[in-house]
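A short worksheet on the structure shown next.
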There are 2 protein chains.
Amino acid sequence: MPLEIPEVVIDRLPTYYRLLTNLQARGVAVVSSQELGEALNVTPAQIRKDLSYFGRFGKQGRGYSVQRLTDELRTILGLDQRWRMVLIGVGRLGTAIASYRGFEPQGFDIVGVYDVNPEAVGTELGGELVVRNVADLARDLADDPVDIGIVAVPAGEAQAVVDVLVAAGIGAILSYAPTAAQVPAGVEVRQIDPVLSLQGMTYHLRRRDA
Amino acid sequence: MPLEIPEVVIDRLPTYYRLLTNLQARGVAVVSSQELGEALNVTPAQIRKDLSYFGRFGKQGRGYSVQRLTDELRTILGLDQRWRMVLIGVGRLGTAIASYRGFEPQGFDIVGVYDVNPEAVGTELGGELVVRNVADLARDLADDPVDIGIVAVPAGEAQAVVDVLVAAGIGAILSYAPTAAQVPAGVEVRQIDPVLSLQGMTYHLRRRDA
DNA sequence: AAGTGTGAACAAGTTCACAGCC
DNA sequence: GGCTGTGAACTTGTTCACACTT
């Protein structure tokens, strides 16, 4: 697996992986690129090409072993280990993120939560984590690095938080803040913003009826 | 504004729009593609090209009027009207979505909430909306159509909910369910899934240190 | 017979570079 | 002088189509 892998390909792999784990849970042993494509609304050729960047995982005339392909993708994506995350911001949104049950089963653990609000600091969240002061974030990360930062603070405070995370050497940031963060090359950032998604759809809605 | 506009262009417009509303709030009157690009991590040429699909909004030698460009984008994206949404699923996630304060100021209103769970049906959510039975969804939509459906049910129930929405003639679906929905052409679907975002980043994290 | 893996053809999207205008 | 708008050049990504393997 040499060369430069296109970023779009990487972004599709998690959806392949998720479908494959479902198939595996349902006891499916073998699957073709045709079948995968139908379930994911992607052309079979796309799936074969994407996978071919990483190796030759299929068998001609048969398809892909679900077990084998799941394992390969898990390794490729780095999902064969657990990842440690800190959450900054425990307002409405941050609290919801902290209590979200979908991270842990996929290998993502929130190991620290932070806020600026002195009233929030010291309280327990989800019966496990005590909210710490964001002023301690830099020191805490120096003592005990984590892999990923989740930013759930208001737009105006997001860049400051991102700067602390970056200074601490974090490699990836998942931002729920409605603002584009500035980070140096080599730091991954993904943004989650339902409003942007809605606004992309209203463009089409307007045209549908007109 | 004739022609086919590339989908990627549409997807960038909301981020332009959001930055422009910020600039406007801060009293900035004029902005160049250079400045916009720096704030959004996009090349100036990209911004100019994107905007050029819709018209000639800038002035050579000066840049873009923030007011003018904001207004143009609002119209293009269809944000000069309010949009009605129903939310299906009031578990942990659905409840968080219902109480999210970011939709309303942007023109998106949740006008109905639904669940299958008989215990949830009839309860009030956010002191305003009464949770209705998902069995009534089809009839309710026939009586009183909405523009957008938000799906926040478990993976296994998502397709059934999507089918009801589609049958009711809905034009757009925002899905928080961890599964790819099947919809006919002409129905817009966007998926929000933080785990997929994280899994795309771990690929890079793995390589960073190796 | 069926379905992968892949070079080659094609399509889509981005950046360049500069004419034109303010 | 500065910055837009835009064809043309380029780069990136997708699909085709078929040789090859089981």
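Chain identifiers are assigned alphabetically (A, B, ...) following the order of the sequence lines, protein sequences preceding nucleic acid strands; residue numbering begins at 1 within each chain.
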First encountered from the 5' end of DNA chain C, between A/Ser52 and A/Gly61: A/Gly61

Verdict with reasoning, A/Leu165 to A/Leu141, per side-chain contact (heavy atoms from CB on, under 4.5 Å): CA-CA 8 Å; A/Leu165 291 169; A/Leu141 291 177; 3.9 Å; yes

Verdict with reasoning, A/Asp71 to A/Arg74, per salt bridge (charged side-chain N to carboxylate O under 4.0 Å, His left out): CA-CA 5 Å; A/Asp71 291 348; A/Arg74 181 165 26 239; 2.8 Å; yes

Interatomic distance, A/Glu4 CD vs D/dG13 C1' [rounded to whole Å]: 14 Å

Out of D/dT6, D/dG13, D/dA17, whichever nucleotide has its closest atom nearest the side chain of A/Arg48: D/dA17

Side-chain donor or acceptor of A/Arg82 paired with backbone N/O of A/Glu104 under 3.5 Å: yes

Angle by which the axis turns from one end of the helix from C/dA1-D/dT22 to C/dC22-D/dG1 to the other, five pairs per end, to 10 degrees: 10°

Nucleotide D/dT6, atom P - distance to NZ of B/Lys49 in whole Å: 8 Å

Interatomic spacing from OH in A/Tyr17 to OG1 in A/Thr70 - rounded to 0.5 Å: 7.0 Å

Any pair counted as side-chain hydrogen bond (donor to acceptor under 3.5 Å, both in side chains), so long as it reaches residues 176-190 of chain B, sequence neighbours left out: B/Glu7-B/Arg190, B/Asp11-B/Arg190, B/Glu188-B/Arg190

Salt-bridge present (B/Arg208, A/Asp147; N to O < 4.0 Å): no

DNA chain C: 5'-most and 3'-most nucleotides touching chain A, 4.0 angstrom heavy-atom criterion: C/dA2 to C/dA8

Flag, side chain of A/Thr95 to backbone of A/Val90, donor-acceptor distance under 3.5 Å: yes

Atom-pair distance (CG on B/Leu51; C1' on D/dC3), nearest Å: 13 Å

Spacing of A/Tyr64 atom OH relative to D/dT22 atom C1', expressed in whole Å: 14 Å

d(CZ, A/Phe57; C1', D/dT21) in whole Å: 18 Å

A/Gln46 side-chain N/O to D/dT14 phosphate OP1/OP2 under 4.0 Å: yes

Nucleic acid contacts - residues 13-45 of chain B versus DNA chain D, non-hydrogen atoms under 4.0 Å: B/Ser32, B/Ser33

B/Asp50 CG to D/dT6 C1', straight-line distance once rounded to whole Å: 13 Å

Note, B/Leu129 side chain near B/Tyr114 side chain (heavy atom, < 4.5 Å): no

Pairs of donor and acceptor atoms involving the side chains of residues 195-203 of chain B, under 3.5 Å and at least two apart or interchain, shall be tabulated with distances.
{"from": "B/Thr202", "atom 1": "OG1", "to": "A/Leu77", "atom 2": "O", "distance (Å)": "2.7"}
{"from": "B/Thr202", "atom 1": "OG1", "to": "B/Gln199", "atom 2": "O", "distance (Å)": "3.1"}
{"from": "B/Tyr203", "atom 1": "OH", "to": "B/Arg207", "atom 2": "NE", "distance (Å)": "3.4"}

Minimum-distance nucleotide (side-chain atoms of B/Gln60 versus D/dT21, D/dG2, D/dA8): D/dG2

Listed once per pair and sorted, the side-chain hydrogen bond (donor to acceptor under 3.5 Å, both in side chains) pairs that draw on residues 154-168 of chain A, sequence neighbours left out: A/Gln159-A/Asp163

Within-4.5 Å side-chain heavy-atom neighbours: A/Arg48 and A/Tyr64: yes

